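Report on the following structure.
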Amino acid sequence: MASPVSVIAPRVMAAIEAAFGAEFAGTDPVLRPSQYADLQVNAPLALAKRLGLPPREVAGRLLAELELADVCEQVEISGPGFINLTLAATWIGAETTSVRADDRIGVPLEPRQRVVIDYSAPNVAKEMHVGHLRTTVVGDALARTLEHLGHDVIRQNHIGDWGTPFGMLIEHLLDVGEGTAEARLLETDPNAFYQGARERFDGDEAFATRSRERVVALQAGDPDTLRLWSELVELSRHYFNRIYSLLGVTLTDDDLAGESTYNDRLASICDELETAGIATISDGALCVFLDGYTGREGKPVPLIIRKSDGGYGYGTTDLATIRYRVEELRADRMLYVIGAPQALHLRMVWDTARLAGWLPEGVDPVHVQIGNVLGEDRKILRTRSGAPLRLVALLDEAAATARAVIDAARPDLDEDTRAAIAPQVGIGAVKYADLSVAHDSEYVFDLARMVALTGDTGPYLQYAAARIRSIFRAADSAPAVLAESGTAQIKVVEPAERALALTLLDFGDVVAHVGADLEPHRLCHYLFGLAQAFSVFYEHCPVLKAEGATRSSRLSLCALTLKVLVHGLDLLGIEAPERM
RNA sequence: GCCUCCGUAGCUCAGUUGGAUAGAGCGAGUCACUUCUAAUGACUUGGUCGCAGGUUCGAGUCCUGCCGGGGGCACCA
């Protein structure tokens, strides 16, 4: 049970070695999808130069050693020296049957690594915006995928729960009164609360002074101030959890590791770096100057780890996360699912940690860069100017749009069913839109497109799954049908069956790929292709009206397709409704 | 100014790490529903891959230089 590539690649490699000698062991077979066959071997062209032979002759010698009779029905040299491979229908059928019986449907169980994933990271007393939405959704998909590949995933939600704004926020909380409706805004509309504090701060000098004093008290650990601070965090947590629950994100309170977590480690970080001679005082601030980092007019750019007023910035907390994740969490792999603009900052932090010896060989932090979300004008979507874009409102709107379409398309479903489906479809649409473009590319935020229920969208995938479920619902005796679909030999006869089966065989490779390269959009495009392949199959190959072995083979193919679709969507964090 | 990412069909985006004639979706046009869900499918339309060189059997992909755009570049995170 394995994908065509994983079966054939070793055989080609063995053939290369057999044909050209041991020094060619390990040569990349350059196995690629082909428009002329199922797969093509491109290695002969690459080898021709090294061997000093014409590519077609290389292909010929390789072919003489290539043993694929059990897998392929046709193997031929083509063009300048490609070897085209056409898989045997019997092999495809047998492999697909075997995947059908596999609990993991072809997804490998990899050697267990401890993977720490930093994602989401909203700010206390602030609305999550579309940028947060994207790191949250992408990070969660990666967490789910890596977990399923067998890794020990530790989620770290590095919320912004510390810093100078808290003086202002605490004073505002005191002014409006704890437990009042105004304070409750933190749970429902945090931006409104924040704006309120901001306005006071900007317009009322006495308030501003109190706020600054409050920051000092907070940093000094004043118990009363800390209590008020934790109340702010607590209220915000309710807000985060509501969003996470709405989104179907796996983050919980256990994953919270906000900036404040590292407070008591920051002084030591600065001391150690200063003692080691890595950090030096410049303009009153403690800085790390690294080779190769220059800014305007060639001036060296510092990583500031202690401000001239004695406070700490995010550079210091980020250093602390590395130590914590390496020394205490014992991370083998560390992912930072953070906006692309942070790239320079992170590189400096990591280089500093390397210098300090806090980042051992073999532990490579990875910045999963999240591209900016753009508005229709192709400029960064900002919540401040223009119409405020509240995430909750946006998700509600997505669900409402989905609801309208469902109402129109499925008047036969009862009210409760339609009400339950709408958020699954609407939220799924938004998440799929976020996941289906490469995480590091910018994309234009367009709610209408995201919620569109046709094309390369979440709902299209959900619909394919719902159609399969409908087939099983329509079957007379469900238990018998299920049994039939679970054990039957899959036979590939029609082109649509063949294409569908071939797609199904690739699932495991794709998931492994997503885990290795941290690219959920590949899974999206795979699933979209699978849904398309199924739709074609659905058009051309009647299932329940077929008879005998054909019927049970097709039922089995449907069951496997459903399994892969639902499972793939689950790895992305998208639900698959029973009906649509 | 320096660093960095990007420029692919009218629009939104892929492009499996250098392979044969560059792909999807949306849009536009034609066609197919007494159906296991037409929220679909089939076909058509659509490209100097920003420009110019270079590397080699072969470049959307690699190197250089331009043009255009985003982002970053000392006490906000």
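Chain naming here is simple, since letters A, B, ... match the order of the sequence lines and numbering starts at 1 in each. Please read all numbers here as calculations on a predicted model, not as lab measurements.
- Judged as a ring-ring contact (aromatic ring centres under 6.0 Å, His included), and not counting sequence neighbours, the contacts of A/H345 are A/Y314.
- Distances were taken from every side-chain heavy atom of A/V543 (C-beta onward) to each of B/U40, B/C36, B/A74; the shortest belongs to B/C36.
- In this structure, A/Y336 and A/W350 have tilted ring planes: the angle between them lies in the 30° to 60° band.
- For A/R551, no side-chain nitrogen or oxygen approaches OP1 or OP2 of B/C36 to under 4.0 Å.
- Relative ring orientation between A/F445 and A/Y443 is described as tilted, the plane-to-plane angle lying within the 30° to 60° band.
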Would you give me the side-chain donor-acceptor pairs under 3.5 Å for residues 450-458 of chain A, sequence neighbours excluded?
unit_1	atom_1	unit_2	atom_2	d
A/D456	OD1	A/Y432	OH	2.6
A/T457	OG1	A/Y460	N	3.4

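- Sorted by residue number, the members of residues 340-349 of chain A with any non-hydrogen atom under 4.0 Å from RNA chain B read A/P341, A/Q342, A/L344.
- Nearest heavy-atom pair across A/L169 and A/A125 is CD1-CB, 3.7 Å.
- Nucleic acid contact for A/C558: none, since no nucleic acid atom lies under 4.0 Å from a heavy atom of the residue.
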Please produce a list of atom pairs where a protein N or O lies less than 3.5 Å from an N or O of nucleotides 15-20 of chain B.
unit_1	atom_1	unit_2	atom_2	d
B/G15	OP1	A/H521	NE2	3.2
B/U17	OP1	A/R32	NE	3.0
B/U17	OP1	A/R32	NH2	2.9
B/U17	OP2	A/R32	NE	2.8
B/U17	OP2	A/R32	NH1	2.5
B/U17	OP2	A/R32	NH2	2.4
B/U17	O5'	A/R32	NH2	3.0
B/G19	O2'	A/Q40	NE2	3.3
B/G19	O6	A/A46	N	3.4
B/A20	O2'	A/Y36	OH	2.7
B/A20	N7	A/Q40	OE1	2.9
B/A20	N7	A/Q40	NE2	3.1
B/A20	N6	A/Q40	OE1	3.2
B/A20	N6	A/N84	OD1	2.4
B/A20	N6	A/N84	ND2	3.2
B/A20	N1	A/S78	OG	2.6

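- In this structure, A/N372 contributes its side chain and A/L374 its backbone to no donor-acceptor pair below 3.5 Å.
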Contacts under 3.5 angstrom, residues 503-519 of chain A side chains, donor-acceptor by atom type, not counting sequence neighbours:
unit_1	atom_1	unit_2	atom_2	d
A/T503	OG1	A/A499	O	2.8
A/D509	OD1	A/S3	OG	3.4
A/D509	OD2	A/S3	OG	2.5
A/H513	ND1	A/D517	OD2	3.4
A/E519	OE1	A/R522	NE	2.5
A/E519	OE1	A/R522	NH2	3.3

Item checked: Pairing annotation in dot-bracket form, given for RNA chain B with Watson-Crick or G-U pairs under 3.5 Å and | for cross-strand partners -> (((((((..((((.....[...))))((((((.......))))))....(((((..]....))))))))))))....
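- In summary, the side chains of A/T321 and A/D318 do not present any donor paired with an acceptor at a separation below 3.5 Å, with no hydrogens or angles considered.
- In this view, A/H158 and A/Y262 satisfy the ring-ring contact (aromatic ring centres under 6.0 Å, His included) rule, not counting sequence neighbours.
- Between A/Y314 and A/S436, the residue anchored nearer the 5' end of RNA chain B, judged by the nucleotide with its closest heavy atom, is A/S436.
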Checklist line | Audit row: A/R403, A/D407, salt bridge (Lys or Arg N to Asp or Glu O under 4.0 Å) steps and yes/no | finding: CA-CA 6 Å; A/R403 177 63 198 265; A/D407 286 348; 2.8 Å; yes
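- Look at A/S441 and you'll find a side-chain N or O under 4.0 angstrom from OP1 or OP2 of B/A14.
- Within the 4.0 Å cut-off from OP1 or OP2 of B/G41, at least one side-chain nitrogen or oxygen of A/Y460 is found.
- Ion pair A/R198/A/D202 flagged as a salt bridge, since at least one NZ, NE, NH1 or NH2 atom sits closer than 4.0 Å to an Asp/Glu carboxylate oxygen.
- Note on A/K49: every side-chain N or O is 4.0 Å or more away from OP1 and OP2 of B/U56.
- In the set B/A74, B/A77, B/G25, the nucleotide with an atom closest to the side chain of A/N123 is B/A77.
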Polar pairs (N or O, both sides) under 3.5 Å between protein and nucleotides 62-64 of chain B?
none

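- Identified under the salt bridge (Lys or Arg N to Asp or Glu O under 4.0 Å) test for residues 46-62 of chain A, with sequence neighbours left out: A/E57-A/R61.
- The same atom, C1', is picked in B/A9 and in B/G50; the two are 15 Å apart, to the nearest Å.
- For A/K307, a side-chain nitrogen or oxygen approaches OP1 or OP2 of B/A77 to under 4.0 Å.
- Within the nucleic acid shown, A/Y293 has no heavy atom closer than 4.0 Å to any nucleic acid atom.
- Mapping A/E259 and A/F289 onto RNA chain B via the closest heavy atom, the residue that lands nearer the 5' end is A/F289.
- When the nucleotides B/A39, B/U40, B/C36 are ranked by their closest atom to the side chain of A/E539, B/U40 comes out on top.
- By the side-chain contact (heavy atoms from CB on, under 4.5 Å) test, A/S34 pairs with A/Y36, A/A37, A/Q40, A/N84, sequence neighbours left out.
- Residue A/S282 has its side chain nearest to B/A74 when only B/C75, B/U37, B/A74 are considered.
- Side-chain atoms of A/R296 lie closest to B/C73 of the nucleotides B/C73, B/G70, B/A39.
- In this structure, A/Y463 has no ring-ring contact (aromatic ring centres under 6.0 Å, His included) partners at least two apart in sequence or on a different chain.
- Base orientation for B/U17: syn, the chi torsion being within 90° of 0.
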Compile the donor-acceptor pairs under 3.5 Å between side chains in residues 281-306 of chain A and protein atoms, sequence neighbours left out, one pair per line.
unit_1	atom_1	unit_2	atom_2	d
A/Y293	OH	A/D351	OD2	2.7

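- Taking atom P on both B/G29 and B/G15, the two are 31 Å apart, rounded to the nearest angstrom.
- Residue side chain A/Y463 does not reach the base of B/A39 through any donor-acceptor N/O pair under 3.5 Å, judged by distance alone.
- In this structure, NE2 of A/H540 is placed 12 Å from C1' of B/C43, rounded to the nearest angstrom.
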